[in-house]
Each structure stands twice: as C-alpha cells, then as structure tokens.
2 protein chains.
Amino acid sequence: MSPLSSGLLGDLDPTSDRAVFRQIADQLREAIDRGRFREGEKLPSEAELVDHYGVSRMTVRNSFSILQGEGLVHAEHGKGVFVRPRPPVRRLASDRFARRHRDQGKSAFIVEADAAGSHPQVDSLEVQEEKASQDISARLGSVRRVLARRRRYLLDGRPVEFATSYLPLDIARGTQIAEPNPGPGGIYARLEELGHRLDHFEEEIRARMPSPDEVRTLRLAAGVPVIHLIRTAFDAEKRPVEVCDTVMAADAYVLAYQLPAT
Amino acid sequence: MSPLSSGLLGDLDPTSDRAVFRQIADQLREAIDRGRFREGEKLPSEAELVDHYGVSRMTVRNSFSILQGEGLVHAEHGKGVFVRPRPPVRRLASDRFARRHRDQGKSAFIVEADAAGSHPQVDSLEVQEEKASQDISARLGSVRRVLARRRRYLLDGRPVEFATSYLPLDIARGTQIAEPNPGPGGIYARLEELGHRLDHFEEEIRARMPSPDEVRTLRLAAGVPVIHLIRTAFDAEKRPVEVCDTVMAADAYVLAYQLPAT
DNA sequence: CTCGCCCACTCGTCTAGATACCTAAAGGAG
DNA sequence: CTCCTTTAGGTATCTAGACGAGTGGGCGAG
C-alpha cells in the first residue's frame, strides 16, 4: 500500500490564501516533526505527491525546495527525497585551549574525536607566507605579511571545519610553526616555547549561509549554515600573536562557553 | 540604456556542464561581489534577464532562488529583486552580564542600543508559570514547573531576538521576577538580592535555519540563519537558577567571548 | 551462478505559457 | 489641488510536458 493512502498526509484547502506549494510543504513538515517520517527515511516521490494532491510536478518540487532550504530534507538524484539525519555534533568547550590539554603528542581535534569514537582526519594542509588581508592585518596589529596555516578537519570522512591560522612573520618564520607538522601540543605550545606565553583568547562568532566555495569545501547540504569563528590569541604582553579564522558546518557543532559573573 | 547592454553580465557557456540557471546565478553573484550591484540596488528584472540570456522565465527565477537561499538577495513582490543590505550588527560581549553593567535603571539591551544610536524596543512580554520541558528541567536540576519570561527585542522596529527565561518556582514565585517589569538591573539583580549571588554562566551556541515560526516572529528574510543560544546561570552554590533560551537573527549579531589561556 | 544489459523509477533541468496580485507613476475627475 | 482610476511593469503561483541522467532491480546470455 502506498504511504499516501494511509493518511500520512491530508488534503489541500482550496479556500486558503496560502499557496498550494506552501500547504504541501506544511503538511510534509508536520509529518516529519511528528515523526511520521523518521530520520533518513524516504519521503513520497514527486510523482506520488502529484497524484495525491492533483497538482503539477513543479508545484511539488517547489514544496520540496522549501523544505530543503530549511535543512529538513535532502534530495538524492535517482533515489528520492529523504529526511535529513542530524549528524553527531562536536562540542567545543571554552577550556579547549587550556594548557592541560596541550601536553600530548596529538592535536586536540584528534584526541577528542578518538575519545568520541569517531575517525578524525586532517586534510589539505597548506603552510605559506602571504600578504595579510586588511582585516587580518588589523587584528594582528598592522602587519604586512603573515604565515598562513590552512587545514581542513574531517570526522568519519565528512568535512566539518576549515581553518586558517595567521601569524606575524617575525614570530613564526623559521620556526617549527612554519613546518607542516607543528609538533606536539600544536602551534600554541610552540608559541609558548618561543617566549610568547599565552594570556587570553578573543573569539568572534557569526552565523551565515555558506558561499559556494564553502559548500564545496565542507560538502554542505542545502539549508545548512556555517558558523564563522575568528579567534585572536594574545600573549602576556597583550600582543596578538595569532588569528585563527574558522568556518564550521553548523550542523556539526555546538559551542560552549563559560563566563564569570564578575 | 538597460543595465544589461552595458556589459555587467556575460553570456552563457552552452558547452559547460553547469546548469544554465547556475551559470546565471554565478554571474549575478559575481557582479554583486564585485560591487557592480550595490547594497539595496535592484537587480535586472526577470523579463530583462529572460531577454538577455534567451532562456525561459522559470530558469531565471531558479537563479534568483539560489541567490535568495544564500541570503544575497531578496525579492519584493511588485517591485523587483534587490541586493540584500547587511544590517548593522549588534555585538554581544562576553562581559555583558558583569555586575558593573547592572546598576542602571534600564536593561542592558536598551542602554546599549541607545548608545549605538538605534531605537530599541521590547515587545510581547509574557510572564507565566508552566510545565518545564524535558530539556529545561534537566538544565535546572529536575524541576517540574517553572516561571517563564518571554520577550522579543527590536532595533529600529526590526525584531532581532526572541528570548525566554526559565526560573525554578521556588526561587521566582511571588518575587518581582514574576512581574512583567523586573525592575532595575533585570532579573539577575533580583536574583542576587534574593541571596542567589551569581557565580558563572554557561552558554551553548548553535546555528541553524529558522523554523517557520521563527521566520514569522523575527521577520527573517530568506537565507538568514538563526543563532540559538542557551544560557544557564549558576549561583555561588553552583545551583542553576535560570536558563535563558534565545533565538537571534544571525545577520544582526556578532558574539564576542574572551577566554583565559589558563 | 555471474555478468551485463535493459528498464522502471527517481530527481534535475528547461520550455512556454496562463493567471493573479503588488507597486508606482501617470492621468483624469472632481 | 486632491483623490481615484488606469496602466505598465514587477514578482508569485501554477500548469503540462519534454528531455536528461543517476540508481537499482530483473532478466537473459554465457
């Protein structure tokens, strides 16, 4: 028996002001919210909905495109439209850069993912000197050129984060920070060895829809925003010593912060 | 002269694998990025693009819908499609709940907005006792019922944030916290007066596409995600005394945090 | 039994209209 | 001069159909 004859979806209200494709989207959304369609489950095909509602195919596709924009479903060519499963989220705690997390050989990302039972991976590592953008230059205190360290992070094969660290050349040039592998404890450990004892970090968080580039790099589904995090590290002399620009798939992250009530 | 004859947009590449509507979207996006169309400016109409590219109207509309999903443009019925202006952002600093910001008569939101030269407004204030959701109950330490304070914040008439505070009844019932106007310094000031000296806050941040409800409440344009912030306030005895659930228009906010490097 | 082909089903793209409704400006009635 | 109507030019919605292309199962040849 077709799923549509079993009363999962209702009828249209021809007297309603609401556009037909919105009504269909509403019904599908509600069915998903109520769990009538579970995560990963296939929705009725376009043809089935065309029959059920007696509308044209473009109207049905219009409904699907609404739900895609909301990040509720995703279409797979040749297979169908599916309820988008919620991926496991990675929780970034505000103490993630504490020194006590820095004494191991592996990076925080690897350690944490291993602990969570996922398979971590770091990708497209790229280290080079380049001209600082206006924004980066301002954040680092008017430097012209910087060392840029780019890398992509994946969990179980899925890209979740793309990050670029920028450091002033007078600090990083010729050190292990300029090597692809910065060594145990990462670049923050190296910075401290170089005499830049870290004092505090400042983080700026924005959320927005991804650019086409970011969609490609993070293999983002339709309707998934990105979290854009810009972190500046300051040493004990209050000098900015690193800016890290990170773009994260928003469906893969929860950021957690602890604030004093001082 | 039509904007289209002046070379703002190129031609299609019929040999490309890329779908025609994506090529058109690419060209429009690039023109916007390069500043050929400025913020708030009107893009060529559907009819003009139909003529220019020699495609059908649905194809052009498809291109526009891509750009809308990216939050780059918005359509106004009967007027045209416009480059979406970036609204002024409100910066939330991590010390925004510090005691020194609590000694004035007005709420932090009002004071800060006034300082920024915008017209702040608080709206749809609602205070009631209700059953705690599972999540809220867990965060407050297994309470059954809570006092809920809902309100919407607007800047220059635009809704930017919708927040609900939940407090355990044994703390809030019968106090000024249960009144629509909690008095100078807000509910945190009242909590401290009631002997719950605040110790620290925990914040969880997610970003996602809005639900249709949130689109309505925050009057969100297509392609604008929301930032979902859940803050828990702890008193000196490490007891959770308030949970605040906030949904913000992502294009109106930057969150800023300062972290110790300890 | 296995491999490869075919076919049914599915979504992706595009066309060519029709009707509805919104907006703003022009023009006419009063 | 003011107010209403008209009209031109916009987007919103919907239809009906065509072709393309990915997926996976069935079936026949070997």
Side-chain angles (χ1 to χ4, degrees), chain A residues 2-4 11-28 37 40-69 72-84 212 215 221-223, chain B residues 1-4 11-28 37 40-69 72-84 215 221-223:
Chain A
S2 133
L4 296 185
D11 294 317
L12 298 177
D13 174 6
T15 70
S16 167
D17 281 351
R18 197 154 175 81
V20 171
F21 73 92
R22 288 186 208 284
Q23 293 188 47
I24 297 177
D26 289 344
Q27 294 194 10
L28 291 169
F37 299 108
E41 199 173 337
K42 185 177 168 304
L43 295 181
S45 74
E46 295 176 355
E48 283 174 316
L49 291 172
V50 162
D51 287 347
H52 178 77
Y53 289 114
V55 297
S56 85
R57 192 173 154 229
M58 284 307 296
T59 302
V60 169
R61 282 183 60 76
N62 225 332
S63 311
F64 278 151
S65 91
I66 289 189
L67 300 179
Q68 278 196 45
L72 269 183
V73 307
H74 68 112
E76 292 182 34
H77 193 168
K79 298 212 271 189
V81 178
F82 300 83
V83 179
R84 206 157 66 76
V215 169
Chain B
M1 180 181 291
S2 133
L4 295 186
D11 295 317
L12 297 177
D13 174 5
T15 70
S16 167
D17 283 351
R18 196 151 174 85
V20 171
F21 73 92
R22 288 186 206 284
Q23 292 187 46
I24 296 177
D26 289 346
Q27 295 194 8
L28 291 169
F37 298 108
E41 198 173 338
K42 185 178 169 302
L43 295 182
S45 75
E46 296 177 352
E48 283 174 315
L49 291 171
V50 163
D51 287 346
H52 179 77
Y53 289 114
V55 298
S56 84
R57 194 169 153 242
M58 283 305 298
T59 302
V60 168
R61 282 184 60 76
N62 226 331
S63 310
F64 278 152
S65 92
I66 288 188
L67 299 179
Q68 276 196 48
L72 270 182
V73 307
H74 69 111
E76 292 181 34
H77 193 166
K79 297 213 276 187
V81 177
F82 301 82
V83 179
R84 204 157 66 75
V215 168

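All chains are named by letter (A, B, ...) in the order of the sequence lines, taking the proteins before the strands, and each is independently numbered beginning at 1.
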Nearest whole angstrom, please: distance from the C1' of D:dG9 to the CG of B:D51. 13 Å
Enumerate the residues from residues 19-26 of chain A whose closest heavy atom to DNA chain D is under 4.0 Å, giving them by residue number; use none for an empty result. A:A19, A:V20, A:F21, A:R22
Residues 19-27 of chain A, side-chain donor-acceptor partners within the protein, below 3.5 Å, at least two apart:
| from | atom 1 | to | atom 2 | distance (Å) |
| --- | --- | --- | --- | --- |
| A:Q23 | OE1 | A:D13 | N | 2.8 |
| A:Q23 | NE2 | A:D13 | O | 3.2 |
| A:Q23 | NE2 | A:R18 | O | 2.9 |
| A:D26 | OD1 | A:R18 | NH2 | 3.3 |
| A:D26 | OD1 | A:R29 | NH1 | 3.0 |
| A:D26 | OD2 | A:R18 | NE | 2.5 |
| A:D26 | OD2 | A:R18 | NH2 | 3.4 |
| A:Q27 | OE1 | A:G10 | N | 2.9 |
| A:Q27 | OE1 | A:Y53 | OH | 2.6 |
| A:Q27 | NE2 | A:D11 | O | 2.7 |

How close do A:V55 and A:V50 get, heavy atom to heavy atom, and via which atoms? O-CG1, 3.1 Å
Apply the test side-chain contact (heavy atoms from CB on, under 4.5 Å) to residues B:V73 and B:F37: give CA-CA distance (whole Å), side-chain angles for both, the deciding distance (0.1 Å), then the verdict. CA-CA 11 Å; B:V73 307; B:F37 298 108; over 6 Å; no
About how many Å separate CD of B:E46 and CZ of B:F64, when rounded to the nearest 0.5 Å? 6.0 Å
Taking C-beta and beyond as the side chain, do A:L28 and A:L49 meet within less than 4.5 Å on heavy atoms? yes
Nearest-angstrom distance from the residue atom CZ of B:F64 to P of D:dG10: 11 Å
Run A:S56 and A:T59 through side-chain contact (heavy atoms from CB on, under 4.5 Å) and show every step you take. CA-CA 6 Å; A:S56 85; A:T59 302; 3.5 Å; yes
With sequence neighbours left out, what residues match A:K42 under side-chain hydrogen bond (donor to acceptor under 3.5 Å, both in side chains)? none
Positional range of nucleotides in DNA chain C within the contact set of chain B, heavy-atom, under 4.0 Å: C:dT13 to C:dA24
Pairing residues for B:R84 by the side chain to side chain contact (heavy atoms under 4.5 Å, CB included) criterion, not counting sequence neighbours: B:H74, B:A221, B:V224, B:D251
Using a cutoff of under 3.5 Å, can you pull out all pairs of nitrogen or oxygen atoms linking the protein to nucleotides 16-23 of chain D, with atom names and distances?
| from | atom 1 | to | atom 2 | distance (Å) |
| --- | --- | --- | --- | --- |
| D:dA18 | N6 | A:R57 | NH1 | 3.3 |
| D:dG20 | N2 | A:H77 | NE2 | 3.3 |
| D:dA21 | N3 | A:H77 | NE2 | 3.3 |
| D:dG22 | N2 | A:G78 | O | 3.1 |

So, do A:S65 and A:N62 sit near enough that their side-chain heavy atoms are less than 4.5 Å apart? yes
